[in-house]
There are 2 protein chains.
Amino acid sequence: MKNNIKNLRAKHDLTQDKLAELLNVSRQTIISLEKERYNPSIILAFELARIFNCRIEEIFIYQEE
Amino acid sequence: MKNNIKNLRAKHDLTQDKLAELLNVSRQTIISLEKERYNPSIILAFELARIFNCRIEEIFIYQEE
DNA sequence: CCAGAAAGTAAAGTAAACTTAACTTTACGT
DNA sequence: ACGTAAAGTTAAGTTTACTTTACTTTCTGG
């Protein structure tokens, strides 16, 4: 699962810290998501879509393996 | 998080067992999702959208609390 | 160059998603 | 009424998302 959180975050002029705060998650979570160390829960995905004002599919690129 | 997996599954004429098989998850997972006992991973959400041939937002209704 | 902010790493712990298994209940055709 | 398929329950175990803390590295402005 690829994502472009880092780009979107930059576009919205947010630090990892600020984004974490908006999402009510830890900064660690943002770092790990950006580094694609794990996949978000669907709730986090929805929240990200809300904050970035776009669709989940625009943030996360699902490639079936 | 609400979802209409049960309806969509019926529409596609699938048993819980068959859907579980298509998704490579256990039947328990389908039951629990339909009963909204927990939320799916984003991967499962994508897979469901693929199988039901619709958008994630058409399956899962996110209500921020 | 250096201070501070932002980004990253590592590790140990908690919470929630998902599995496995064994059993019960409901719906439905014969 | 009975058999069987589908749906549901419970519980214990594994995996993975997410937290917390403490520390290091990179980036940027003065």
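Chain letters run A, B, ... following the sequence lines, proteins first, then strands; residues in each count from 1.
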- Query: Taking the side chain of B/R27 as its heavy atoms from C-beta onward, which of C/dC23, C/dA7, D/dT19 lies nearest to it?
  - Reply: C/dC23
- Query: Out of D/dC18, D/dA6, C/dG8, which has the shortest distance to the side chain of A/E34?
  - Reply: C/dG8
- Message: Nearest to the A/N39 side chain among C/dC18, C/dA17, D/dA17, which nucleotide is it?
- Response: D/dA17
- Task: Check whether the side chains of B/T29 and B/S26 place a donor and an acceptor atom closer than 3.5 Å, and report yes or no.
- Result: yes
- Task: Figure out the CG/P separation between B/L33 and D/dG8, and round it to whole Å.
- Result: 12 Å
- Would you please classify the geometry between the B/Y62 ring and the A/F46 ring as parallel, tilted or perpendicular, with 30° and 60° separating the classes? parallel
- Residue A/I31, side-chain heavy atoms: nucleotide from C/dG8, D/dA7, D/dT9 that is nearest: C/dG8
- Given C/dT20, C/dG8, D/dC18, the nucleotide with the shortest approach to the side chain of B/S26: C/dT20
- Can you check the A/L44 CG to D/dA17 C1' distance for me, whole Å? 9 Å
- With distance as the sole test, does A/N3 use its side chain to make a donor-acceptor pair with the main-chain N or O of A/L33 at under 3.5 Å? yes
- Item | A/R9 CZ - C/dA5 P separation (whole Å) | 17 Å
- Item | Interatomic distance, B/K18 NZ vs D/dA6 P [rounded to whole Å] | 11 Å
- Are any side-chain N or O atoms of A/E34 and backbone N or O atoms of A/I31, one a donor and one an acceptor, separated by less than 3.5 Å? no
- Message: Regarding A/K6, tell me which of base, sugar-phosphate or nothing describes its non-hydrogen contacts under 4.0 Å with the strands shown.
- Response: sugar-phosphate
- Query: Can you check whether B/R37 has a side-chain N or O nearer than 4.0 Å to OP1 or OP2 of D/dT9?
  - Reply: yes
- Query: Just how far, in rounded Å, is C1' of D/dC18 from CD1 of A/I5?
  - Reply: 14 Å
- Task: Mind calculating the distance between CG (A/N24) and P (C/dA15) to the nearest angstrom?
- Result: 17 Å
- Report the nucleotide, chosen from C/dG8, C/dA21, C/dA17, that has the shortest atom-to-atom distance to any side-chain atom of B/Q28. C/dA21
- Query: C/dA5 C1' sits how many Å from A/E21 CD, rounded?
  - Reply: 15 Å
- Between the main-chain N or O of B/Q16 and the side-chain N or O of B/R27, is there a donor-acceptor pair closer than 3.5 Å? no
- Query: Between C/dA7, C/dT9, C/dA17, which nucleotide gets closest to the side-chain atoms of B/Y38?
  - Reply: C/dA17
- Message: Tell me the interatomic distance from B/Q16, atom CD, to C/dT19, atom C1', rounded to whole angstroms.
- Response: 16 Å
- If only side-chain N and O atoms of A/S41 are considered, is one of them under 4.0 Å from the OP1 or OP2 phosphate oxygen of D/dC18? yes
